[in-house]
Amino acid sequence: MAAEPERIPTTYDPRGVEQRWYQTWLARGYFHAPVDPQRRPFVIMMPLPNITGDLHIGHALNNTLQDVLIRWRRMQGWNSMWMPGTDHASIGTHVVIERELAKEGKTRFDLGREKFLEFTWRWKEKYGGIIYSQLKRMGFSCDWDRVTFTLDPGYADAVTEAFLRLHARGHIYYGQRMINWCPHDLTSVSDLEVEYQEVASTLYHVRYPGADGSDGIVIATQRPETILADVAVAVHPEDTRYRHLVGRQVVVPIVQRVVPVIADPRVDPEFGTGAVKITPGHDPLDNEIGATHGLAAPVVLDERGRMTAEGGAFAGLDRFAARQVVAAELRSRGLVVREEPYTTAVAVCERCKTVLEPYITDQWFVRMADLAAPAIRVVREGKVRFHPERWRKVYLDWMEGIRDWNISRRLWWGHQIPAWHCRDCGEVVVTRQRPDRCPRCGGATLVQEEQILDTWFSSALWPFATLGWPEDTPELRYFYPGNVLVTDRGIIFLWVARMIMFGLEFLGEVPFTDVYIHPTVLTLEGRRMSKSMGTGIDPMEMMDQRGYGADALRFALVVRCSQQQQDLRFSEKMLEDVRNFNNKIWNIARFVRLNLEGFAPTAAPQREALGLIDRWILSRFARTTAEVTGHLESFEFDKAAKAIYDFLWSTYADWYVELAKVDLSGQAGPGRREQVQWTLWRVLEGALRLLHPIMPHITEEIWQLLPHEGESIMLAPWPQPSAQWLDARAEQAVERLIQVIRAIRSLRADMGLAPAAAVAPLLRVADDGRRAELEAFSPYIRALARAGALAFPSPAAAPPARAAAAAVDGVEVLLPVGEAEAERIRHRLARELERVQQDLGRVEARLGSDGFLSRAAAEVVEGERRRREDLLRRRETLARYLASLAAG
RNA sequence: GGGCGAGUGGCUCAGCGGCAGAGCGCCUCCCUUACACGGAGGAGGACGCAGGUUCAAAUCCUGCCUCGCCCACCA
């Protein structure tokens, strides 16, 4: 213990403290979990931040929760391993890098693949590690020795291996398919990377004349520019309006192509005119219908969304310009029957918000049905549990309707697909190394597939590719499967589901047993936090510039992390509240240290040897320990945080410390001081351990200033919720004491008595045992109720004529006051009486009901009876004093 | 179109069949030598609306309203 405790400042400043302890922990290697078969591992794989990422409030929450679990389990004796790393984030990084290039007026194509990759690696070396220092600033106890990047050579090998195995087992196929194409990023994106935006559009009703010169048919479309690629008109088979036209031919306007009218049940007769143009080259549903009917799929838009040569006069026009021009042309030909405003949801690229184009290209897919089946089973069987449980259904619903996964991207930053195209015969060979000869035609010119893999393909391997898979390493054997996955609801499908599928496919075991989905952090107004919109809270700024520190940020987030809500509204004010809590803890510690002079920790004394207040706080602490432990086990972070907060502030500081001052002040009996010192120390030291997973730095700082065993609170054992300290008698006695003190304080305040007023409260207690108990407590009552004297008149003696009175648990609390206060007294008594009367009315109504007596549970009826007794006693007391007041 | 979540004091949220709670804010008093980033005492609520179940409903059921999220190939 440092000397001169009075020089410890009265306010806690986290800044220096936090950095200092983090460096110490790091230097001492506490975060590293070695393979140790003697110990039980507890493993969490960090959801990978992107290399482009900056620590935002969502990361702060997500990782705080993981650190809470990791530190808690570590204290419980598990070998906690928290795997950190970053994701190369292929398309996300492309967007950032290409924005950089655009500043110089360049595109990635100006650089070419090789230069672009060099540029991106350099950029990654420079900025890709920022997130790590930010995670460290928050105090996270990740195993930094194991940090992994998804383009690391070992990781890349695992990705290739996974691809080859999936292909060998028939889960991967290649072919021309219609996919979501981004004309800006020039790549496909998977269905999950599509966003929908409502836009105002026009629904054109366009006449397709009959090939025989008849009226033909009127279709409805929003995309007149794709008319040039029409190959049919379809109607519903049962639509009587058009039945006679099925099998006839109509003429596609402008291009004058003669096409059939076909019948297909996928056409909705309710929509538009009930007749739809079929454009298999530019619409997913039309593509399916076209396939069924054996129709061709002409294409009139190129990869940038411009009309191709097929578009004839419109060639070169952008799709949106073409839409207007084609519509005008149709109008001028008198073929537009009607134009109506129409609101529609268009698919846009999640990254760049460009309207996506259904586009047919060569693509690689994972066939999902076979992979999904076991992943559905493990969740159904409870081998993977979701918290809160409602996400289980969300997961299962999506998995049961799963569609094949487009995994190829026409981008450069990522894992290139291990496949080779024969220049001579077009054969596609899937192998790790370039084959010397084409296995089909013997040709020697084989070039690697240019496309790379969807980032999520590689992140799906995260739980085991980080552990040396596909090698059978000690790490893999020891740390796989992991325990908990903590993430946001936004990536249940993109990431969680795929990790489960791949874990089962490659290791035969689930990658984790519990998935905790935490709320999304929003602004106070319920909007997304966004830097660009200026609605965000920057965690780094809060911690350092604003001086709240990491602990406050962590606690503020955790304490609002409830299972019921899917959102968490957050504001800076909430940090202020926790800052105050930090300061409270700090000052509790200052007080305890000040009073620990001459104290050396000893073994726990016999419970019976301690004072009642000591037994009370130890009992309350034992209960708090059990509560906090239980809440962490069930992922109820808010309740865990609240339980410690309430215990430390409302119980330990507000009551035990105040009561303890009485015993520390001198007059208490021999040995009493030591008992209180022991209890003050024991409970505070234990509470710090309970709090440590949420607020690691301040708890370490204070723990080190107190007597302690071991070199760091990080390594101290988690408090045992031991039943030996549970003490119902002490709890009841001290709760009664508190009630009496509160009653006196309340009466004094209501009577407007100055704090120094020397009015001695009287306690009339009928029960002898109860009176003896309170008499023994009178030093506490005098001190905490600020009463110079205290009297326990005989219940037989006449009460004072004029007194403010309150009745609590068999005790009449009286405050004799002068004539001048009569009105105040009357007011107070009348108000109390009214409340009691109201409660009594309700209780008696209940007890007077046959239905209640015959149907309610016995203990509920018994509870109501006891309550009635208590209310009757209180009413009697209050009424008596009110009456005597009137009489006087 | 379907699914999920939320609606409780001014604000953020607990409570989810048996006495309406917390923190912040507000009011009054207090520098009682750990803390004014504090202490003590208060005020403040038709628990979104309408039905129903039950001896008993903020809590369970049904319908509706508002807000938010997700899923979905109506051109």
Side-chain angles (χ1 to χ4, degrees), chain A residues 5-6 8 10-12 196 203 219-223 226 234 266-268 270-273 275-279 283-289 342 344-345 347 358 388 390-391 393-394 397-398 401 489-490 492-493 519-520 522 524 526-527 559-560 562 564-571 573-574 576-595 638-639 642 645-646 649-650 653-654 657-658 661 741-742 745-750 752-756 783-786 838-839 842-843 846 849-857 859-861 863-864 867 871:
Chain A
E6 62 275 11
I8 297 179
T10 62
T11 52
Y12 173 69
Y196 290 89
L203 193 61
I219 58 93
T221 183
Q222 295 178 68
R223 302 202 61 189
T226 66
R266 284 165 284 192
V267 176
D268 178 2
E270 304 290 313
F271 187 87
T273 62
V276 59
K277 68 193 206 61
I278 298 298
T279 320
D283 181 273
L285 179 61
D286 292 5
N287 193 262
E288 286 176 29
I289 293 177
Y342 183 68
T344 186
R390 60 175 179 271
W391 297 109
K393 181 173 144 43
V394 173
D397 285 352
W398 184 75
R489 61 176 183 266
I492 292 175
F493 309 143
T520 304
L522 301 179
L524 221 45
R527 286 184 302 176
V559 78
R560 285 178 180 80
S562 113
Q564 341 299 325
Q565 309 240 132
Q566 62 174 0
D567 298 320
L568 186 166
R569 292 183 181 208
F570 197 76
S571 72
K573 181 77 180 81
M574 295 168 177
E576 209 177 299
D577 299 344
V578 185
R579 193 261 325 264
N580 295 352
F581 177 48
N582 272 339
N583 203 240
K584 186 73 184 182
I585 302 168
W586 183 246
N587 278 288
I588 289 171
R590 288 180 66 227
F591 171 82
V592 171
R593 267 170 54 89
L594 235 31
N595 286 283
D638 57 331
K639 293 189 178 68
K642 238 168 248 164
Y645 181 100
D646 288 342
W649 200 320
S650 308
D654 284 354
V657 164
E658 293 305 320
K661 283 177 183 171
I741 292 169
R742 285 206 164 121
R745 284 171 173 171
S746 179
L747 288 176
R748 292 178 66 100
D750 262 14
L753 291 183
L784 272 67
R786 320 205 66 201
Q838 259 176 20
D839 286 354
R842 265 193 303 246
V843 172
R846 203 167 292 171
S849 141
D850 288 342
F852 178 73
L853 293 174
S854 59
R855 306 212 189 187
E859 64 266 25
V860 173
V861 176
E864 289 297 306
R867 190 158 168 245
L871 286 168

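Small disclaimer: the values here were computed from a predicted structure and weren't measured.
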Spatial distance of atom CZ (A:Arg560) from atom CG (A:Asp567) [nearest 0.5 Å]: 14.5 Å
Nearest whole angstrom, please: distance from the P of B:rC19 to the CG of A:Asp839. 11 Å
Would you measure the distance from the C1' atom in B:rG45 across to the matching atom in B:rA20 and give it in whole Å? 8 Å
Between B:rG17 and B:rC29, how far is it from one P atom to the other, in whole Å? 44 Å
Can you tell me how far the CD1 atom of A:Ile741 sits from the CD atom of A:Glu658, to the nearest 0.5 Å? 10.0 Å
Side chain of A:Asp283 (C-beta onward), nearest among B:rA75, B:rG3, B:rU12: B:rA75
Distance-only, no hydrogens or angles: does the A:Asp286 side chain make a donor-acceptor pair with backbone N or O of A:Thr279 under 3.5 Å? yes
Expressed as a whole number of Å, how far does the C1' atom of B:rU54 sit from that of B:rC24? 38 Å
Taking the side chain of A:Phe852 as heavy atoms from C-beta outward, which of B:rA75, B:rG18, B:rA6 is closest to it? B:rG18
Measuring only the C1' atom in each nucleotide, how far is B:rC13 from B:rA58? A whole number of Å is fine. 15 Å
Are A:Asp839 and A:Arg867 packed together at the side-chain level, in the sense that at least one heavy-atom pair is separated by less than 4.5 angstrom? yes
Any side-chain donor paired with an acceptor under 3.5 Å for A:Arg489 and A:Thr520? yes
Let me confirm one number: the CG-CD distance from A:Leu203 to A:Gln222, rounded to the nearest 0.5 Å. 6.0 Å
So which nucleotide from B:rA20, B:rG18, B:rG68 ends up closest to the side chain of A:Asp567? B:rG68
Once you apply a heavy-atom cut-off of 4.0 Å, does A:Ser562 come out as touching a base, just sugar-phosphate, or nothing? sugar-phosphate
Classify A:Arg748 by what it touches in the nucleic acid, base, sugar-phosphate, or nothing, heavy-atom distance under 4.0 Å. nothing
Do A:Lys661 and A:Phe591 form a cation-pi contact, if we require the NZ or CZ to be under 6.0 Å from the six-membered ring centre and within 45 degrees of the ring's axis? yes
Does A:Thr344 put a side-chain nitrogen or oxygen below 4.0 Å from OP1 or OP2 of B:rA75? yes
So CZ of A:Arg593 and CG of A:Asn587: to nearest 0.5 Å the spacing works out to 12.5 Å
Measure NZ/A:Lys642 against P/B:rA22 and give the value in whole Å, please. 12 Å
Just by protein heavy atoms under 4.0 Å, how would nucleotides 30-41 of chain B read 5' to 3' in B, S and -? --B-BB-BSSSS
Considering every strand and a 4.0 Å limit on heavy-atom distances, what is the contact class for A:Gln566: base, sugar-phosphate, or nothing? base
Can any side-chain N or O of A:Ser854 pair as donor or acceptor with the backbone N or O of A:Asp850 at less than 3.5 Å? yes
By nearest heavy atom, map A:Ser849 and A:Val559 onto RNA chain B; which one lands nearer the 5' end? A:Val559
For A:Ser854, report the nucleic acid contact type (base, sugar-phosphate, nothing); a contact means any heavy atom under 4.0 Å. nothing
Less than 4.0 angstrom between a side-chain N/O of A:Gln838 and OP1 or OP2 of B:rC19, yes or no? no
At 4.0 Å (heavy atoms only), tell me whether A:Leu524 reaches a base, stays on the sugar-phosphate, or touches nothing. sugar-phosphate
Applying a 3.5 angstrom cut-off to the pairing atoms, does RNA chain B sit in any stems of at least three consecutive Watson-Crick or G-U pairs? List them by first number. B:1-7 with B:65-71, B:10-13 with B:21-24, B:26-30 with B:38-42, B:48-52 with B:60-64
Please report the distance separating the C1' of B:rG48 from the corresponding atom of B:rG9, rounded so that it comes out in whole Å. 15 Å
Find the distance A:Arg266:CZ to B:rC74:C1' and express it as a whole number of Å. 14 Å
Nearest to the side chain of A:Gln565 - B:rA14, B:rG68, B:rC73? B:rA14
Nearest-Å distance for atom pair CG/P, residues A:Leu853 and B:rA56: 13 Å
Check step by step if side-chain hydrogen bond (donor to acceptor under 3.5 Å, both in side chains) holds for A:Asn582 and A:Arg579. CA-CA 5 Å; A:Asn582 272 339; A:Arg579 193 261 325 264; over 6 Å; no
Rounded distance in Å - CZ (A:Arg560) to C1' (B:rA14): 12 Å
At under 4.0 Å between heavy atoms, what does A:Ala783 touch on the DNA or RNA strands: base, sugar-phosphate, or nothing? nothing
With P as the reference atom in both, quote the distance from B:rG68 to B:rU12 in angstrom, rounded to an integer. 15 Å
Distance check needed: B:rG5 P versus A:Leu568 CG, whole Å only. 18 Å
Below 30° counts as parallel, above 60° as perpendicular, anything between as tilted: where do the rings of A:Tyr645 and A:Phe581 land? tilted
For A:Val860, report the nucleic acid contact type (base, sugar-phosphate, nothing); a contact means any heavy atom under 4.0 Å. base
Send over the distance from A:Lys573 NZ to B:rC13 P, rounded to a whole Å. 15 Å
Per A:Asp577 side chain, nearest of listed nucleotides B:rG5, B:rC24, B:rC74: B:rC24
Quick one: is A:Lys639 getting a side-chain N or O under 4.0 Å of the B:rG15 phosphate, OP1 or OP2? yes
Candidates B:rA75, B:rG3, B:rC71 - which lies nearest the side chain of A:Lys393: B:rG3
Is the shortest side-chain N/O distance from A:Tyr196 to OP1 or OP2 of B:rC70 below 4.0 Å? no
Nearest of B:rA75, B:rU12, B:rC13 to any side-chain atom of A:Met574? B:rU12
Spacing of A:Tyr196 atom OH and A:Thr344 atom OG1 [to the nearest 0.5 Å]: 10.5 Å
Among B:rC24, B:rC70, B:rA14, which nucleotide has an atom closest to any side-chain atom of A:Phe493? B:rC70
Can you say whether a donor on the side chain of A:Arg867 sits under 3.5 Å from an acceptor on the base of B:rC19, or the other way round? yes
With C1' as the reference atom in both, quote the distance from B:rC31 to B:rA36 in angstrom, rounded to an integer. 8 Å
Find which nucleotide of RNA chain B each of A:Lys277 and A:Arg569 is nearest to by heavy atoms, and output the residue with the more 5' nucleotide. A:Arg569
Distance check, P atoms only: B:rU53 and B:rG3, in whole angstrom units. 26 Å
Could you check how far CZ of A:Phe570 sits from P of B:rC13, rounded to whole Å? 12 Å
Name all residues meeting the side-chain hydrogen bond (donor to acceptor under 3.5 Å, both in side chains) criterion together with A:Lys639; count only those two or more places apart in sequence or in a different chain, and write none if there are none. A:Glu636
